[in-house]
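Count residues from 1 along the sequence.
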Amino acid sequence: MPDPQPLESLVSRYLDTEALGERSLWLRADIAVEARNLHHVTADEWAAQVGCSASWVRQMWRAADAFPEESRIAALPFTLHAIAAHTDCPQTWAERAHDEQWSA
């Protein structure tokens, strides 16, 4: 397994995504999960590093854990994926939100 990226590198990658709009939310969530998994940072620690709330970090973690990249619905906003991630069947609810054209 390759050496994990330094935490500072992950922080920099996270902050660089701000200009990407909706897609940046998934990139940020994935980077935050990587930081959690490789460096064992807490939500509070990551939030302090990147300038957001710990609650938002936990929300990103939950969404990214519930929806690996291959299961994300491109036409469905991150916010609706994040809401669906709080259910017992996230994929089912995300698909329903997409099919019924729900908005956040």
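Checked against the 6.0 Å centroid criterion, the rings of W93 and H86 do not qualify as a close aromatic pair.
When hydrophobic clusters are built by joining Ile, Leu, Val, Met, Phe, Trp and Tyr residues whose side-chain heavy atoms come closer than 4.5 Å, directly or via intermediates, W61 is grouped together with V11. When hydrophobic clusters are built by joining Ile, Leu, Val, Met, Phe, Trp and Tyr residues whose side-chain heavy atoms come closer than 4.5 Å, directly or via intermediates, L76 is not grouped with F67.
The two residues A47 and A54 come nearest to each other via the heavy atoms CB-N, 3.5 Å. Of all heavy-atom pairs between A85 and A63, the closest is CB-CA, 3.9 Å. In plain terms, the two heavy atoms of L7 and A35 that are nearest each other are CD1-CB, 4.1 Å.
The structure places CG of D16 at 8.5 Å from CD1 of I31, a figure rounded to the nearest 0.5 Å. Annotation: the span from C52 atom SG to L15 atom CG amounts to 9.5 Å, rounded to 0.5 Å. To the nearest 0.5 angstrom, H98 atom NE2 is 6.0 Å from I73 atom CD1. Rounding to the nearest 0.5 angstrom, the gap separating the CD atom in Q59 from the OG1 atom in T79 is 8.0 Å.
Put simply, the side chain of Y14 does not reach to within 4.5 Å of the side chain of Q49, judged on heavy atoms. Between R13 and Q5, some side-chain heavy-atom pair lies under the 4.5 Å cut-off. Side-chain contact between V57 and M60: present, with at least one pair of heavy atoms (C-beta onward) separated by less than 4.5 Å. Proximity of P6 to L10: side-chain heavy atoms (C-beta onward) are nowhere separated by under 4.5 Å. In this structure, W26 and H81 have side chains that are in contact, with non-hydrogen atoms separated by less than 4.5 Å.
Judged by distance alone, with hydrogens and angles left aside, the side-chain atoms of E45 form a donor-acceptor pair with the main-chain N or O of T42 at under 3.5 Å.
Ion pairing between a basic and an acidic side chain is recognised when a charged N comes within 4.0 Å of a carboxylate O; R58 and D65 show no such pairing.
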**Study point:** Verdict with reasoning, W102 to R96, per side-chain contact (heavy atoms from CB on, under 4.5 Å)
**Key:** CA-CA 8 Å; W102 294 356; R96 183 173 175 190; 3.6 Å; yes
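A cation-pi geometry, defined here as NZ or CZ lying under 6.0 Å from the six-membered ring centre and within 45° of its normal, does not hold between R36 and W46.
Annotation: Q101, atom CD; neighbour count of heavy atoms from other residues, nucleotides and ligands within 6.0 Å does not exceed 12.
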